[in-house]
Number of protein chains: 2
Amino acid sequence: MDDYSENLDLLFGALSDPTRRGILSRLCQGPASVGELKEPFLMALPNLLKHIRLLENSGLIETQKYGRMRICSLKPDALIPTEKWLEEQHRLMEGRLDRMEAYIETLKTTKAKENPDEQT
Amino acid sequence: MDDYSENLDLLFGALSDPTRRGILSRLCQGPASVGELKEPFLMALPNLLKHIRLLENSGLIETQKYGRMRICSLKPDALIPTEKWLEEQHRLMEGRLDRMEAYIETLKTTKAKENPDEQT
DNA sequence: AGAATAGTCATCCATAAGGGTAACAATAAG
DNA sequence: CTTATTGTTACCCTTATGGATGACTATTCT
């Protein structure tokens, strides 16, 4: 469950742009050509292509040429690593949030007195 | 449930870096100072501070000064928008993936014959 | 006061993002 | 063959990222 690490950069990075999230949402309704995907956006085609390439590179979509058009489609399992990471965060967080005030109190009262070996 | 849109950029962007994900995971175990957060990483403090500032700006963490140290802590609900977005994607995807081959077949066989009103 | 510690600010650098335009395939249609 | 459509490549520009360093502030310790 740590094999995804490298890919998480690309996945979360791909999701960090509204154009790309829009493309993904649209592809949920089925595959679409580059031109179709461009429709809702004002930007020029080459820019949209760059987003598509980035999505492809992240593994979130795949594309295929049919004649002169390129059809893009979702790779539905591609989001799983991101969901796993988020779940893991929740697991780690479990029941540990209430330690916050206690921790800060500890910092203010005990300071370094009892940890003489803690440096750097 | 669409109010999060602007913030998703920042949230997913914040998650797209291993250092920042590492910081978040560590903060699941409770608040920590800037120096403590730096420990596992090789980079210099100023760089780590930039990551912290970015996380803070994304709303994923909050920080507070206690004496000369800055204590960072998770804002536990901050990840919710990302989870909602992912869930929404799943909802949209529901049962629509099997249309893929059919769609492509349609493209190959019917072409534009029966859609004379479809342009641009 | 003086020294150590923890953090911060200012630069610098290389690369990537995200947008644009112009020119150029390649395929399809007439 | 000629033209239109669809996508692609090559640049350009501006800003953001992610790293590094050096100098500096603010607090704490002695």
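Below, chains carry the letters A, B, ... as their sequence lines are ordered, and counting in each starts from 1.
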Any salt bridge (charged side-chain N to carboxylate O under 4.0 Å, His left out) involving residues 22-31 of chain B? Give me the pairs, sequence neighbours left out, ordered by first then second residue. none
Would you list the atom pairs, donor with acceptor, under 3.5 Å between side chains in residues 44-59 of chain A and any protein atom, with sequence neighbours excluded?
| residue | atom | partner | partner atom | Å |
| --- | --- | --- | --- | --- |
| A/H51 | ND1 | A/R20 | NH1 | 3.0 |
| A/E56 | OE2 | A/T63 | OG1 | 2.9 |
| A/S58 | OG | A/L55 | O | 2.7 |
| A/S58 | OG | A/L60 | N | 3.3 |

Tell me: [atom1] of [X] to [atom2] of [N], nearest whole Å?
X	N	atom1	atom2	value
A/K65	D/dT5	NZ	P	16 Å
B/F12	C/dA17	CZ	C1'	18 Å
A/K38	C/dG19	NZ	C1'	13 Å
B/E36	C/dA6	CD	P	10 Å
B/F41	C/dG7	CZ	C1'	18 Å
A/I71	C/dT27	CD1	P	15 Å
B/L42	D/dT21	CG	P	12 Å
B/M69	D/dT25	CE	C1'	17 Å

So if I take residues 44-55 of chain B and measure heavy-atom distances to DNA chain C, which residues fall below 4.0 Å? B/L45, B/P46, B/L49, B/R53
Choose from D/dG18, C/dG7, D/dT27 the nucleotide whose nearest atom is closest to any side-chain atom of B/R68. D/dT27
Per the ring-ring contact (aromatic ring centres under 6.0 Å, His included) rule, what does the pair list look like for residues 11-36 of chain B, sequence neighbours excluded? B/F12-B/W85
Under 4.0 Å from OP1 or OP2 of C/dA6: is there any side-chain N or O of B/R70 that close? no
Mind listing the closest non-hydrogen atom pair of A/C72 and A/V34 along with its distance? SG-CG2, 4.3 Å
Taking all atoms of both residues into account, what is the closest heavy-atom pair of B/H90 and A/E83, and its distance? CE1-OE2, 2.8 Å
Set of residues satisfying side-chain hydrogen bond (donor to acceptor under 3.5 Å, both in side chains) with respect to B/E87, sequence neighbours excluded: none
Is a donor on one side and an acceptor on the other found under 3.5 Å between the side chain of B/R21 and the backbone of B/L15? yes
Closest to the 5' end of DNA chain C, once A/G13 and A/G67 are matched to their nearest nucleotides, is A/G13
